[in-house]
Novice: 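Below is one structure. I have some questions about it.
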Amino acid sequence: MYRNIRPGKTWYDDRGRRIQAHGGSLLFADGKFWWYGENKEGITGRATGEVCPFWHHGVRLYSSDDLYNWKDEGFCVRESDDPSNPFHPTRIMDRPHVLYNEKTKKYVLWAKTSAGGFDTCSFSVCVGDGLKDMTFLKEVFPKNHHAGDFDLFVLGGKGYIVYENPHDSMVCQTLSEDFTDLTDETSVHLRAECPPFVREAPAFFERDGKYYLLTSGTTGYYPNPSELVEISSPHGEWGKPFPACLGDEKGNSFHAQFSSVFRHPFKKGLYVALGDRWLTDLPEDMPDIGRAFYGFFSPTAGKTIDESELPSLTDENTSEADYVWLPLSFDEKGTPFLSWKRLWSTDEYEDL
């Protein structure tokens, strides 16, 4: 039985199996914490000598009373056996996020899905009366942009999605009243030249009336320096990004990429950044991945390695990916940052 959170250590559920809820998020409902994410069980990349033909096996769901010990609750969304369905295991399915709609009394799940390539990227929407066994509703294709890594949030009763327009910018868009579609209220932010400078994996949170976005650079599963940006409002002015991780000497966000930030409902000041350590087999003599990706995408940067060399660095065996959950800290001005902790407990924080 776990009594604390151990970033980077393998985490097992109540049945003694690796927890499979990657790129995930947390909700508190019905007196329990609910953790859902990509089920990467058996997604072995190149580790077996043959390329794994699958990307996922549905959106898995776990429940907990304490954030440490998790019960396997089955699925939010099951994989489909229909190859045309975006939740078929050969289709890309990333970063599921859920909102509860107070008006419709429905849970609404969005996921980034694709048959491969930007031109097929969409947001796939599922709905349910609860978190278990939600039903696929439809695919949503943004106008004038491509679907990318995203987060969902609610402010003042209105739903929003913030997502990467791949290799270009970050887009914020207001959701429909039932949270199942996009409206035309759109704004574009954080435009950058190309990867790795374009931001992805956005994670929204609010503290003391201020809004923040935690983001990653665009280097695929390879970790890179995370950044934070303060925003005045979803469609308002966004500030200049600044480093998120204090003491991140290797520039890899403590070997993690963060997918969401969860505000604990009963602990004062506890905001948890949920991260994935996607690649656990990276070599010590890693090339500078940021420079490498810049060379892949910029016509003037010059290549430092060839893209064909990337498979020699990792098997991309995401079935063995681990989790890096870290509490956010705040300096005397209220500015958030992350620092490394080998283990930590919610008992370190006062009750509300």
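Since the model is a prediction, treat every value here as computed from it, not as a measurement. Residue numbers run from 1 in the order of the sequence given.
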Novice: Is it true that R17 and D72 have a side-chain N and a carboxylate O under 4.0 angstrom from each other?
Specialist: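 Looking at D72 together with R17, the answer is no, because their closest N to O distance does not fall below 4.0 Å.
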Novice: When clusters are formed by joining ILVMFWY residues with side-chain heavy atoms under 4.5 Å apart, either directly or through shared neighbours, do Y212 and V261 land in the same one?
Specialist: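 Both belong to a single hydrophobic cluster.
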Novice: Can you check whether E177's main-chain N or O pairs, donor with acceptor, with N101's side chain at less than 3.5 Å?
Specialist: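 Here the side-chain-to-backbone pair exists.
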Novice: Using side chain to side chain contact (heavy atoms under 4.5 Å, CB included) as the criterion, list what pairs up with I92, not counting sequence neighbours.
Specialist: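 I92 satisfies side chain to side chain contact (heavy atoms under 4.5 Å, CB included) with W55, D94, S114 once adjacent residues are dropped.
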Novice: Could you tell me if D276 and H22 have a donor-acceptor pair between their side chains, going purely by distance under 3.5 Å?
Specialist: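 The answer is yes; a qualifying pair exists.
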Novice: Side chains of V188 and N165, heavy atoms from C-beta outward: is any pair under 4.5 Å?
Specialist: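 Heavy-atom side-chain distance check fails, nothing below 4.5 Å.
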Novice: With sequence neighbours left out, what residues match H88 under ring-ring contact (aromatic ring centres under 6.0 Å, His included)?
Specialist: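 Checked H88 against ring-ring contact (aromatic ring centres under 6.0 Å, His included); zero matches.
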Novice: Step by step, work out the salt bridge (charged side-chain N to carboxylate O under 4.0 Å, His left out) result for E185 and K158.
Specialist: CA-CA 12 Å; E185 187 176 28; K158 294 178 69 173; 3.4 Å; yes
Novice: Would you compute the distance between atom CG of L190 and atom OG1 of T215 and round it to the nearest 0.5 angstrom?
Specialist: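 Here the rounded value is 7.0 Å.
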Novice: Can you name the side chain to side chain contact (heavy atoms under 4.5 Å, CB included) partners of P53, sequence neighbours left out?
Specialist: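 Once residues adjacent in sequence are excluded, P53 has no partner under the side chain to side chain contact (heavy atoms under 4.5 Å, CB included) criterion.
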Novice: Distance from D285 atom CG to L313 atom CG, nearest 0.5 Å?
Specialist: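 One finds 8.0 Å between CG of D285 and CG of L313.
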Novice: Can we say K9 and D322 salt-bridge, meaning some charged N sits less than 4.0 Å from an Asp/Glu carboxylate O?
Specialist: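 Salt bridge flag = no for D322 with K9.
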Novice: Check whether the ring centres of H167 and F118 lie less than 6.0 Å apart, and answer yes or no.
Specialist: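 Yes, close enough.
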Novice: Yes or no on side chain to side chain contact (heavy atoms under 4.5 Å, CB included) for I305 and F296, after CA distance, side-chain angles and deciding distance?
Specialist: CA-CA 9 Å; I305 66 170; F296 298 157; 4.1 Å; yes
Novice: With ILVMFWY side chains joined below 4.5 Å, transitively, what does L352's cluster contain besides itself?
Specialist: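 Reading the cluster by chain and number, L352 sits alone, since nothing else belongs.
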Novice: Out of curiosity, does L246 fall in the hydrophobic cluster containing L228 (side-chain heavy atoms, cut-off under 4.5 Å, transitive links)?
Specialist: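 No.
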Novice: Please report the interatomic distance CG(L99) to CG(L152), rounded to the nearest 0.5 Å.
Specialist: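 These two atoms lie 4.5 Å from each other.
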Novice: I would like to know whether D133 and R78 meet salt bridge (charged side-chain N to carboxylate O under 4.0 Å, His left out); could you show each step before the answer?
Specialist: CA-CA 7 Å; D133 286 326; R78 296 178 182 273; 2.8 Å; yes
Novice: Charged N to carboxylate O under 4.0 angstrom, D168 versus R191?
Specialist: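 Yes, this pair counts.
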Novice: Taking salt bridge (Lys or Arg N to Asp or Glu O under 4.0 Å) as the definition, give me every residue that meets it alongside K132, ordered by chain and number, with sequence neighbours left out.
Specialist: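 Partners of K132 under the salt bridge (Lys or Arg N to Asp or Glu O under 4.0 Å) test: E73.
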Novice: Is it the case that the side chains of H97 and D151 hold a donor-acceptor pair, with the cut-off being a distance below 3.5 Å and no angle test?
Specialist: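 On atom types as modelled, these side chains qualify, holding a pair under 3.5 Å.
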Novice: Is the distance between the ring centroids of F205 and F153 under 6.0 Å?
Specialist: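 No, the ring of F153 stays outside the 6.0 Å limit from the ring of F205, centre to centre.
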Novice: Determine whether Y62 and D13 satisfy the following criterion, side chain to side chain contact (heavy atoms under 4.5 Å, CB included), listing intermediate values before the conclusion.
Specialist: CA-CA 8 Å; Y62 299 84; D13 66 16; 3.7 Å; yes
Novice: Please evaluate residues W35 and Y323 with respect to the criterion ring pair (Phe, Tyr, Trp, His ring centres under 6.0 Å), reporting the C-alpha separation (whole Å), side-chain torsions for both, the decisive distance (0.1 Å), and the verdict.
Specialist: CA-CA 12 Å; W35 178 9; Y323 304 97; 4.9 Å; yes
Novice: Salt-bridge test for K143 and D184: reply yes if a basic N is under 4.0 Å from a carboxylate O, no otherwise.
Specialist: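 The answer is yes: the pair qualifies as a salt bridge.
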Novice: Taking atom NZ of K240 as the centre, does the number of heavy atoms from other residues, nucleotides or ligands within less than 6.0 Å exceed 12?
Specialist: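 No, not enclosed.
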Novice: Go through F204 and I231 one step at a time and tell me if the side chain to side chain contact (heavy atoms under 4.5 Å, CB included) criterion holds.
Specialist: CA-CA 10 Å; F204 176 90; I231 64 181; 3.9 Å; yes
Novice: Can you confirm whether the side chains of S176 and T183 place a donor and an acceptor under 3.5 Å from each other?
Specialist: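 Absent: no donor and acceptor within the cut-off.
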Novice: Look at the side-chain heavy atoms of Ile, Leu, Val, Met, Phe, Trp and Tyr, link any pair under 4.5 Å apart, and say whether F197 and Y222 land in one connected group.
Specialist: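 Different hydrophobic clusters.
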Novice: Show me the pairs that pass ring-ring contact (aromatic ring centres under 6.0 Å, His included) and involve residues 170-194, at least two apart or across chains.
Specialist: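 Of all non-adjacent pairs touching residues 170-194, those that pass ring-ring contact (aromatic ring centres under 6.0 Å, His included) are H189-W238.
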Novice: Which residues pass the side chain to side chain contact (heavy atoms under 4.5 Å, CB included) test with E320, not counting sequence neighbours?
Specialist: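 Partners of E320 by the side chain to side chain contact (heavy atoms under 4.5 Å, CB included) criterion, ordered by chain and then number, come out as R18, T280, N317.
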Novice: Given a cutoff of under 4.5 Å between side-chain heavy atoms of I, L, V, M, F, W and Y, with clusters grown through shared members, what are the other residues clustered with V98?
Specialist: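 Besides V98, the cluster holds L27, W34, Y36, V59, L61, V77, F87, M93, Y100, Y107, L109, L131, M134, F136.
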Novice: Any carboxylate oxygen within less than 4.0 angstrom of a Lys/Arg side-chain nitrogen, looking at K103 and D178?
Specialist: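 The answer is no: the pair does not qualify as a salt bridge.
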Novice: How long is the span from the CG atom in D281 to the OG1 atom in T314, to the nearest 0.5 Å?
Specialist: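 D281 atom CG to T314 atom OG1 measures 3.5 Å (nearest 0.5 Å).
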Novice: Go through the structure and list residues passing side chain to side chain contact (heavy atoms under 4.5 Å, CB included) with R3, not counting sequence neighbours.
Specialist: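 With neighbours one apart ignored, the set is empty.
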Novice: Restricting to non-hydrogen atoms, name the atom on W11 and the atom on I5 that form the minimum distance, rounded to 0.1 Å.
Specialist: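 Result for this residue pair: CH2-CG1, 4.3 Å.
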Novice: Write out all pairs satisfying side chain to side chain donor-acceptor pair (under 3.5 Å) with one or both partners inside residues 254-263, taking only residues at least two apart or from two chains.
Specialist: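 Every pair satisfying side chain to side chain donor-acceptor pair (under 3.5 Å) with a residue in residues 254-263: S25-S260, R95-Q257, E200-Q257, E206-R263, S216-Q257, Q257-W278, R263-Y271.
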Novice: Which salt bridge (charged side-chain N to carboxylate O under 4.0 Å, His left out) pairs, counting each pair once, include a residue from residues 335-352, with sequence neighbours left out?
Specialist: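 Listed once each, the pairs are K267-D351.
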Novice: Compute whether any side-chain donor of one residue and acceptor of the other, for T219 and N224, lie under 3.5 angstrom apart.
Specialist: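 T219 vs N224: donor-acceptor pair found between side chains.
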Novice: Going from NE2 on H56 to OG1 on T90, what distance comes out if it is rounded to the nearest 0.5 angstrom?
Specialist: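 Separation between the atoms: 7.5 Å.
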Novice: Side chains of D82 and S80 only: does a donor on one sit below 3.5 Å from an acceptor on the other?
Specialist: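 Note: D82 and S80 side chains miss the donor-acceptor criterion.
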Novice: Indicate whether any N or O donor in one side chain lies under 3.5 Å from an N or O acceptor in the other, for E41 and H57.
Specialist: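 There is no such pair between these side chains.
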Novice: State, to 0.1 Å, how close P196 and G290 come at their nearest heavy-atom pair, and which atoms those are.
Specialist: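 The answer is CG-O, 3.4 Å.
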Novice: Is any side-chain heavy atom of P142 closer than 4.5 Å to a side-chain heavy atom of L182?
Specialist: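 The answer is yes; the side chains approach within 4.5 Å.
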Novice: Would you check if the distance from the ring center of F123 to the ring center of Y163 is below 6.0 Å?
Specialist: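 That pair passes the under 6.0 Å test.
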Novice: Quick check: is F75 connected to L137 through a chain of hydrophobic side chains (ILVMFWY, heavy atoms under 4.5 Å apart)?
Specialist: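 No: no chain of side-chain contacts under 4.5 Å links L137 to F75.
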Novice: Could you see if F33 belongs to whatever hydrophobic cluster contains Y12? Use Ile, Leu, Val, Met, Phe, Trp, Tyr and a side-chain cutoff under 4.5 Å.
Specialist: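 Yes, it is one cluster - the side chains of F33 and Y12 are joined through contacts under 4.5 Å.
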Novice: Among pairs that include at least one residue of residues 332-352, which meet ring-ring contact (aromatic ring centres under 6.0 Å, His included), considering only residues two or more places apart or in two chains?
Specialist: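 Of all non-adjacent pairs touching residues 332-352, those that pass ring-ring contact (aromatic ring centres under 6.0 Å, His included) are F254-W340.
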Novice: Does the side chain of T346 pick up a donor-acceptor pair with the side chain of Y68 at under 3.5 Å?
Specialist: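 A pair is found: one side chain offers a donor N or O, the other an acceptor, under 3.5 Å apart.
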Novice: Starting at SG of C121, measure out to CD of E139 and round the result to the nearest 0.5 Å.
Specialist: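 Taking SG in C121 and CD in E139, the distance rounds to 10.5 Å.
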Novice: Determine whether T304 and D288 satisfy the following criterion, side chain to side chain contact (heavy atoms under 4.5 Å, CB included), listing intermediate values before the conclusion.
Specialist: CA-CA 8 Å; T304 57; D288 186 322; over 6 Å; no
Novice: Run the ring-centre check on F28 versus F266 and record whether the distance is less than 6.0 Å.
Specialist: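 Yes, they do, as the ring centres are separated by less than 6.0 Å.
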